[in-house]
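Input: a single structure, listed below in structure tokens.
Heads up: numbering here begins at 1 and tracks the sequence.
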Amino acid sequence: ELPVVLGPSAVLALVCFALEVASDAGAQDDAGIPGGLTVVDTAASPYPPQHHPFEADGTPSADRPLIEEGRWRHQDAHRGGDVDPLFFLLTRPDRALRPLAAATHFNRRNLAVRCSRAVSAPADAILIESWRVRVGPRSGAVPFHADLSLLAGGGRRLAVSTVLGLHLDPWEILRRVQGACGPAVPALEEDPIEGDGYGEAPPLVTDLSLGDLLPPSGNAS
């Protein structure tokens, strides 16, 4: 029954997957997302090899709001069909670029998540440090594997030693955000296919309990 707080890396991973779902669907019914939540696609990254400061014509690359005041702003996907194939022969993108898709998919670069609503962190809570989705983009609730910590009284933070299987709808989680309980900091999105992605996000307090995120059977895996 403990409330759930999303750590910065969990926020980044959640937003990335939610945006992939919205992109595939072409539209997203985002009514109810807190108005203070903003997600911007930006050239700046806390990991320098991910910087993408220029457009194809050499002009400075502007920020692109993806979620603004709680509303999803549909962005057409622009994939890098004109990328020189020699790029892959003359460089080592597997070592320099994270994620690798940043070299060829220009519809998204780095995400900066902000929340203008500030709330206090609960004294006792479950902190989701990070999570990894187990399926491809699709609407509705999907399985995630999560790394958790227990926030206990007196500022104690106890790591949960096992990965927990959760079942959640990313857009529904965003609708249940109450506010940020800290500033935005560098965050990591783990992706075993395209490589780790970096961005910035604050810790977010939700009105959910851990029980709300367990699989329908009630048995975590």
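When every heavy atom of Ala201 is checked against every heavy atom of Val11, the shortest pair comes out as CB-CG1, 3.8 Å. Smallest separation of non-hydrogen atoms from Pro170 and Phe17: CG-CD2, 3.3 Å. Contact record, Ala43 with Asp63: N-OD1, 4.1 Å, taken as the closest heavy-atom pair. Contact between Cys115 and Leu204 at its shortest, heavy atoms only, is CB-CD2, 3.9 Å.
Ring geometry for Tyr198 versus Tyr47: interplanar angle under 30°, hence parallel rather than tilted (30 to 60°).
Judged purely by atom type and a 3.5 angstrom limit, Trp131 uses its side chain to pair as donor or acceptor with the backbone of Ala10. A distance-only check finds a donor-acceptor pair linking the side chain of Arg138 to the backbone of Gly136 [under 3.5 Å]. The main-chain N or O of Thr42 is found under 3.5 Å from a side-chain atom of Asn110 such that the two form a donor-acceptor pair.
Side-chain contact between Val113 and Thr38 is absent, with no heavy atoms from C-beta onward closer than 4.5 Å. For the pair Val40/Ile67, no side-chain contact is recorded, criterion being any heavy-atom separation below 4.5 Å from C-beta on. In this structure, the side chains of Ile173 and Leu14 come closer than 4.5 Å at one or more pairs of heavy atoms. A heavy-atom distance below 4.5 Å is not found between the side chains of Pro3 and Ser209.
Results of the side-chain contact (heavy atoms from CB on, under 4.5 Å) test with Leu168 over Leu213, Ile128, Val133 single out Leu213 as the only residue that passes.
Remark: the Asp147 side chain and the Ser130 side chain contain an N/O donor-acceptor pair separated by less than 3.5 Å.
In summary, Glu129 and Arg157 engage in a salt bridge, as defined by a charged side-chain N under 4.0 Å from a carboxylate O.
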